[in-house]
2 protein chains.
Amino acid sequence: MLLNLSHTEENYIKAIYHLEQDGKPVSTNDLSELLKTAAASVTDMLKKLKQKKMVHYKAYYGCNLTEAGRKGALMIIRRHRLWEYFLSKKLGFSWDEVHDIAEELEHVGSTSLIDKLDAFLGYPRFDPHGDPIPDEKGHIVQQQNKLLSEIPLHLPVEVVQIGDQSAHILELLSDKNIRIGTLLEVRKRFTYDQSLEIKTGSKSITQISKELSQNILVKDHE
Amino acid sequence: MLLNLSHTEENYIKAIYHLEQDGKPVSTNDLSELLKTAAASVTDMLKKLKQKKMVHYKAYYGCNLTEAGRKGALMIIRRHRLWEYFLSKKLGFSWDEVHDIAEELEHVGSTSLIDKLDAFLGYPRFDPHGDPIPDEKGHIVQQQNKLLSEIPLHLPVEVVQIGDQSAHILELLSDKNIRIGTLLEVRKRFTYDQSLEIKTGSKSITQISKELSQNILVKDHE
DNA sequence: ATAAAAATTTAGACAAATCTAAAAAATATA
DNA sequence: TATATTTTTTAGATTTGTCTAAATTTTTAT
């Protein structure tokens with residue numbers, strides 16, 4: 001363990017990282033719910049993580065990661081997402097199967113293992129869910145909108161922007177009932193012309209050309 | 001965990017498997033030494049493993065794996081050796097770096113993960129140390145002598161047999177000071193003609209052609 | 001502003017895996 | 001065979017991460 005953290009401690013700081021939006025403190029209860037652990041147990045762990053200087057913690061107030069804690073969390077997220085990428089791209093797991101396995105693999109704590117895995121995979125910047133992978137220094141790109149052409153199969157996404165705003169494209173989109181806020185899911189990707197078969201909303205299926213898919217910007221649907 | 005065993009319990013049955021030569025019971029002390037754990041702790045664990053029907057155990061007598069225990073041990077060894085192969089062949093670790101990392105990876109317990117990894121690697125039958133990899137049913141080939149042409153770099157081996165017994169080959173071997181019992185280590189493998197550069201005994205370096213390397217049978221030098 | 005509700009912490013306990021020290025059993029030796 | 005030595009087990013503690021129940025603090029609502 002390079003971080004001198006137990007598996008459990010790693011899970012806590014990862015959870016705190018995910019709950020920490022803006023600078024607001026993370027509540028004991030939210031952690032308790034996310035980790036499916038009694039609130040009393042969370043309190044105990046927060047005291048220990050404070051001792052290890054991984055979190056700032058004040059009774060009845062909540063916690064925030066210290067700089068060391070944030071670095072640690074990013075390393076765990078890096079491991080998790082690289083393993084997800086490996087499982088999906090190399091072993092052929094579907095994007096919805098990889099999370100639980102990566103949850104275990106992420107705690108194997110050899111830095112050289114992860115760096116070599118990163119190199120082997122070709123330094124991917126996004127995992128199969130479209131989430132950014134921190135680099136070896138813990139730098140992470142801001143979660144950004146992606147092109148529909150780059151979205152994995154069966155991942156629910158929401159349309160947030162249209163690249164080319166010409167009337168022609170809007171006509172086409174309107175005909176397909178696609179607009180900002182529409183929920184989509186890529187069902188098939190045809191290698192021949194890179195056209196997509198997508199499901200919009202709850203039922204209808206439609207075909208999208210490569211050109212069109214490169215002009216639809218989407219983001220993960222929560 | 002498919003086997004319902006903790007990491008620690010898995011380590012115990014793996015250790016028992018390795019100590020169990022012929023049918024003789026494995027002593028508490030031997031386990032204690034191999035696992036670097038106090039004998040008293042081993043006794044406690046053996047009682048628990050007996051309850052879980054992984055071992056036969058009688059106080060002051062020793063233990064043996066049950067059929068379930070043996071199956072479990074072989075699965076752990078399978079995971080260990082497949083990860084070693086992956087680390088060595090795909091990530092570029094040297095054969096002496098892979099053991100400790102595999103020791104951690106072997107406890108990640110998804111069966112489909114290991115079976116897909118096996119397929120991804122092309123169903124290798126030996127790990128980087130030359131040890132056989134059990135298949136998905138737990139079948140393991142008997143440890144056998146291998147051709148020098150198939151030995152990984154830097155692995156110390158001992159010559160046990162010469163394939164072609166012609167005088168010509170023996171003349172060549174005698175000139176190179178190689179005979180049954182000689183210790184060798186492959187230092188380099190030239191892709192061009194698959195010739196090898198080997199170290200014999202303690203000092204001398206010599207070159208071996210592909211043909212010759214395919215007629216020298218070796219075994220691991222523990 | 002004060003009582004009721006919600007969130008959090010404290011207290012005390014438990015299971016897993018470990019330890020040391022002491023007791024008991026098995027083995028070796030004289 | 002009787003005794004000494006070695007091996008193994010039992011007894012009693014410790015650490016980590018967890019729990020429930022009760023106490024306390026904070027927040028919400030009247």
Side-chain angles (χ1 to χ4, degrees), chain A residues 1 3-16 19-21 24-65 69 72-73 76 103-104 106-109, chain B residues 1 3-16 19-21 24-65 69 72-73 76 103-104 106-109:
Chain A
M1 284 309 94
L3 302 159
N4 284 322
L5 296 175
S6 68
H7 288 198
T8 311
E9 290 166 340
E10 289 191 351
N11 284 333
Y12 272 84
I13 66 170
K14 191 178 61 158
I16 295 167
L19 290 173
E20 209 173 38
Q21 307 299 356
K24 282 187 219 108
V26 174
S27 78
T28 301
N29 245 15
D30 287 354
L31 273 169
S32 159
E33 192 179 342
L34 181 60
L35 296 168
K36 271 117 182 65
T37 298
S41 312
V42 173
T43 299
D44 288 347
M45 182 56 87
L46 290 178
K47 287 184 197 163
K48 204 190 332 167
L49 289 173
K50 182 185 180 169
Q51 270 208 311
K52 292 199 173 188
K53 304 205 195 277
M54 289 290 138
V55 302
H56 300 295
Y57 167 69
K58 250 180 98 151
Y60 296 104
Y61 169 81
C63 68
N64 282 103
L65 291 177
I76 297 155
E103 203 76 7
E104 289 192 69
E106 74 189 10
H107 300 295
V108 174
Chain B
M1 283 312 94
L3 301 160
N4 283 324
L5 296 175
S6 68
H7 289 197
T8 311
E9 290 166 341
E10 289 190 351
N11 284 333
Y12 272 84
I13 66 170
K14 191 178 60 157
I16 295 167
L19 289 173
E20 209 173 35
Q21 306 299 359
K24 281 188 220 108
V26 173
S27 78
T28 301
N29 246 14
D30 286 354
L31 272 169
S32 159
E33 191 179 342
L34 181 59
L35 296 168
K36 272 118 184 62
T37 298
S41 313
V42 174
T43 299
D44 289 346
M45 182 55 89
L46 289 178
K47 287 185 197 163
K48 207 199 318 178
L49 289 174
K50 182 185 181 169
Q51 270 209 313
K52 292 200 173 188
K53 304 206 195 278
M54 288 292 137
V55 301
H56 300 295
Y57 167 69
K58 248 180 101 154
Y60 296 104
Y61 169 82
C63 68
N64 282 104
L65 292 176
I76 297 155
E103 203 76 8
E104 288 192 68
E106 74 189 8
H107 299 296
V108 173

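Computed over heavy atoms, backbone and side chain alike; hydrogens, waters and symmetry mates excluded. Below, chains carry the letters A, B, ... as their sequence lines are ordered, and counting in each starts from 1.
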| In whole angstrom, what separates A:Leu5's CG from D:dT16's C1'? | 14 Å
| request: Using salt bridge (charged side-chain N to carboxylate O under 4.0 Å, His left out) as the criterion, list what pairs up with B:Lys24, not counting sequence neighbours. | output: B:Asp22
| message | What is the separation between atom CD on B:Gln51 and atom P on C:dA15, rounded to the nearest whole Å? | response | 13 Å
| said: If we ignore hydrogens and angles and just use 3.5 Å, is the side chain of B:Thr43 paired with the main-chain N or O of B:Ala39 as donor and acceptor? | reply: yes
| task | Would you kindly give the NE2-to-P distance between B:His7 and D:dT16, to the nearest whole Å? | result | 18 Å
| request: Select one nucleotide: of D:dT10, D:dT18, C:dA24, the one nearest the side-chain heavy atoms of B:Tyr60. | output: C:dA24
| task | In whole angstrom, give the distance that lies between atom CG of B:Leu49 and atom P of C:dT18. | result | 11 Å
| said: Are B:Leu49 and B:Ile13 packed together at the side-chain level, in the sense that at least one heavy-atom pair is separated by less than 4.5 angstrom? | reply: yes
| Under 4.5 Å between any side-chain heavy atoms of A:Leu5 and A:Tyr12, yes or no? | no
| query | Is a salt bridge present between B:Lys14 and B:Glu103, judged by a nitrogen-to-oxygen distance below 4.0 Å? | reply | yes
| Base, sugar-phosphate alone, or nothing: which one does A:Tyr61 contact when heavy atoms must sit under 4.0 Å apart? | nothing
| query | Do the ring planes of B:His7 and A:His7 sit parallel (below 30°), tilted (30 to 60°) or perpendicular (above 60°)? | reply | perpendicular
| With distance as the sole test, does B:Ser32 use its side chain to make a donor-acceptor pair with the main-chain N or O of B:Asp30 at under 3.5 Å? | no
| field | Nearest-Å distance for atom pair NZ/P, residues B:Lys47 and D:dT10 | value | 4 Å
| query | Can you list, by residue number, the residues of residues 27-41 of chain A that have a non-hydrogen atom closer than 4.0 angstrom to DNA chain C? | reply | A:Ser27, A:Thr28, A:Asn29, A:Ala39, A:Ala40
| note | Testing D:dT9, C:dT8, D:dT10 for proximity to the side chain of B:Tyr57, the answer is D:dT9
| field | Atom-pair distance (CE on B:Met45; P on C:dA15), nearest Å | value | 16 Å
| request: Find the distance B:Glu9:CD to C:dA15:P and express it as a whole number of Å. | output: 15 Å
| query | Tell me: CG of B:Asp44 to C1' of C:dA15, nearest whole Å? | reply | 13 Å
